[in-house]
There are 2 protein chains.
Amino acid sequence: MINLNEKQKNILKFIENYYIEYGISPSIREIQNGCNITSTSVVDYNLKSLQKKGYLNKRSDISRAIKLNKDTQSNNKIPILSNIAAGEPLMVNPDQTSFNEDTDPYVELPNHISSDPDLFALKVKGDSMIDALITNDDIVIMKSSNNASDGEMIAAWLPKDEETTLKRFYFTGDKVELRPENPKYDSLFLDPKEVVIKGKVVGVIRKV
Amino acid sequence: MINLNEKQKNILKFIENYYIEYGISPSIREIQNGCNITSTSVVDYNLKSLQKKGYLNKRSDISRAIKLNKDTQSNNKIPILSNIAAGEPLMVNPDQTSFNEDTDPYVELPNHISSDPDLFALKVKGDSMIDALITNDDIVIMKSSNNASDGEMIAAWLPKDEETTLKRFYFTGDKVELRPENPKYDSLFLDPKEVVIKGKVVGVIRKV
DNA sequence: TTAAATGTAGCACATATGTTCTATTTTTGC
DNA sequence: GCAAAAATAGAACATATGTGCTACATTTAA
């Protein structure tokens, strides 16, 4: 997103949002109205500039034939919010909420997993879930949730240690058990106040 | 794809192929030419019919605003060619080559795995690769290949047993070793002639 | 067989839409 | 401050494109 003035950023954003809503690109005049631009020729001027800079491509004389380049768009991508500790602790930013597609990593979801909102992804570091067939560098797809049932695999934020960890969740009366799936590691028994559940694992993707 | 005559199937196919090639929908006249239809009104007529039957949607008076419904399109899908035996043998069809999206199962690939041609998918049955973190009902993404190097995880067709199997490949002089990743099972040592390598594992997808 | 339903043809029309042109204004670089 | 470059305006133009209309052909159903 470098080398772009506000107007051009607006145009790109508008095209992307329009595409998300309608599945096709807007016409020049729709861009004009949507971005409060005074003339179609100004839109044309900026589209040519954006094309020259490599942000989009368009076919001449063809209606609605603007295509954002792959780097420009953020379709179907879900953010890899932070690496997750599944062994050694890892510092993460607990209040990371926004997703900047330019600087943040992401994965593209296979559609049979996706179609669900509030999904995010975590890249696993460590081997504490090896018996659950999840290992280092796997990407786990999470569904946001602030609660869990016994036996569910969850990502939990531990304020005291300032780490996010992937474990099985058990609630035994007054203590929360976070159980790894690796005999090398022991369960954590914590006060419920010490555990912030971030989400449940709904899928795993591994690139070998 | 029921309730459709040849012309309408053609139109749907053309729209999909056009979309794959250009990223946008074709105009009425492009459909006309692409499907050898004699009049734009015939295209219009059939598009209305297809819309009524639920195969697509379009916005009125908007250029290139045809959208195939999700069931109608086959974007990004790769076929699950057959279940793979990773324990008990499973009968499969060794010369299955074509992919009929209507009747055959498929997976949608996450883009960071995809973009490579000749990929296909296999659904794992059994637990013989459990130590490689691949288990029952996982979907392995395969890249077609008729050869392999030592230690690579491959799918091999065993003509003698008429089964496809997922194993690690080792070549020890004159015998091919197909090694499971589960102490419960033993390696197969076979004559090279008895092993047809179908592809190498490039990814794993699991829906939990 | 016959009437209704369905599909085809060809053309015309309205407008949606990309492009171009010239003039003017604003910004930039020196 | 001044010339060049960049950006804006507004309109006109050409054509790309969806739709409508009438006539005709083919298929279906009774």
Side-chain angles (χ1 to χ4, degrees), chain A residues 1-69 72, chain B residues 1-69 72:
Chain A
M1 285 294 198
I2 207 58
N3 214 355
L4 294 188
N5 56 38
E6 281 311 307
K7 182 169 292 180
Q8 294 179 338
K9 284 185 192 174
N10 262 337
I11 291 176
L12 288 180
K13 206 69 196 160
F14 178 80
I15 293 172
E16 177 167 15
N17 287 337
Y18 189 102
Y19 189 86
I20 289 172
E21 180 162 4
Y22 296 109
I24 62 175
S25 288
S27 68
I28 270 66
R29 282 165 185 80
E30 285 170 329
I31 297 173
Q32 184 192 350
N33 295 328
C35 299
N36 292 309
I37 294 172
T38 41
S39 171
T40 57
S41 64
V42 174
V43 177
D44 187 61
Y45 180 84
N46 283 287
L47 286 180
K48 278 175 178 148
S49 170
L50 284 166
Q51 180 159 25
K52 196 174 297 176
K53 294 176 190 166
Y55 286 93
L56 53 82
N57 269 92
K58 62 196 286 299
R59 290 201 283 157
S60 288
D61 299 319
I62 304 289
S63 301
R64 298 166 180 277
I66 300 170
K67 282 198 60 182
L68 296 189
N69 284 350
T72 312
Chain B
M1 286 293 200
I2 208 58
N3 213 357
L4 293 187
N5 56 38
E6 280 312 305
K7 182 169 292 180
Q8 294 180 336
K9 283 185 193 174
N10 262 335
I11 291 176
L12 288 180
K13 205 70 197 159
F14 179 80
I15 294 173
E16 177 167 15
N17 287 337
Y18 189 101
Y19 189 85
I20 290 172
E21 180 162 4
Y22 296 108
I24 62 176
S25 289
S27 69
I28 271 61
R29 281 165 185 81
E30 284 170 331
I31 297 173
Q32 182 192 351
N33 295 328
C35 299
N36 290 310
I37 295 173
T38 41
S39 171
T40 57
S41 64
V42 175
V43 177
D44 187 59
Y45 180 85
N46 282 287
L47 286 180
K48 279 176 177 148
S49 169
L50 285 167
Q51 180 159 26
K52 196 174 299 178
K53 293 176 189 165
Y55 287 93
L56 54 82
N57 270 91
K58 62 196 285 300
R59 290 202 284 158
S60 288
D61 299 320
I62 305 288
S63 301
R64 299 167 180 275
I66 299 169
K67 281 199 61 182
L68 296 189
N69 284 350
T72 313

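We name chains A, B, ... by the order of the sequence lines, and we start the count at 1 in each one.
Considering every non-hydrogen atom in both B:Ile11 and B:Cys35, the closest pair reads CA-SG, 3.9 Å.
In this structure, the salt bridge (charged side-chain N to carboxylate O under 4.0 Å, His left out) partners of A:Lys48, at least two apart in sequence or on a different chain, are A:Asp44. Under the rule for a side-chain contact (heavy atoms from CB on, under 4.5 Å), the partners of A:Ser41 that lie at least two apart in sequence or sit in another chain are A:Ser39. In this structure A:Asn57 satisfies the side-chain contact (heavy atoms from CB on, under 4.5 Å) test together with A:Gln51, A:Asn69, sequence neighbours excluded. Applying the side chain to side chain donor-acceptor pair (under 3.5 Å) criterion to B:Asn46, with sequence neighbours excluded, gives B:Gln8. Residues meeting the side-chain contact (heavy atoms from CB on, under 4.5 Å) test with B:Asn17, sequence neighbours left out: B:Lys13, B:Ile20. Partners of B:Ile28 according to the side-chain contact (heavy atoms from CB on, under 4.5 Å) rule, which considers only residues two or more places apart in sequence or in another chain, are B:Thr40, B:Val43, B:Leu47. Qualifying ring-ring contact (aromatic ring centres under 6.0 Å, His included) partners for B:Tyr22, counting only residues two or more places apart in sequence or in other chains: B:Tyr18.
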Find every protein N or O atom lying less than 3.5 Å from an N or O atom of nucleotides 24-28 of chain D, and list the pairs.
none

Report, one pair per line, the protein and nucleotides 3-6 of chain C atoms (nitrogen or oxygen only) whose separation is under 3.5 Å.
none

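Summarising the geometry, the separation between CD1 on A:Ile37 and C1' on D:dA7 is reported as 12 Å, rounded to the nearest angstrom. Atom-to-atom, CG of A:Leu56 to P of C:dG18 comes out at 13 Å; the value is rounded to the nearest Å. Rounded to an integer number of Å, the gap from CD of A:Gln32 to C1' of D:dT8 is 12 Å. Atom-to-atom, CG of B:Leu50 to P of C:dG7 comes out at 11 Å; the value is rounded to the nearest Å. Residue B:Lys53 contributes atom NZ, which lies 12 Å from atom C1' of C:dG7 at whole-angstrom precision. For the pair B:Leu47 CG and C:dG7 C1', the computed distance is 14 Å after rounding to whole Å.
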Using a 4.0 Å cut-off on protein heavy atoms (strictly under), produce a 5'-to-3' string for nucleotides 14-23 of chain D with B for base contact, S for backbone-only sugar-phosphate contact, and - for none.
-> --SBBBBB--
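Within the structure, no pair that satisfies the ring pair (Phe, Tyr, Trp, His ring centres under 6.0 Å) test touches residues 24-52 of chain B, not counting sequence neighbours. Residue pairs meeting the salt bridge (Lys or Arg N to Asp or Glu O under 4.0 Å) criterion with at least one member in residues 20-34 of chain A, sequence neighbours excluded, are A:Glu30-A:Arg64.
Using modelled atom types, no side-chain atom of A:Ser63 and backbone atom of B:Ser63 make a donor-acceptor pair closer than 3.5 Å.
In this structure, A:Asn5 does not reach the D:dA6 phosphate: none of its side-chain N or O atoms is under 4.0 Å from OP1 or OP2.
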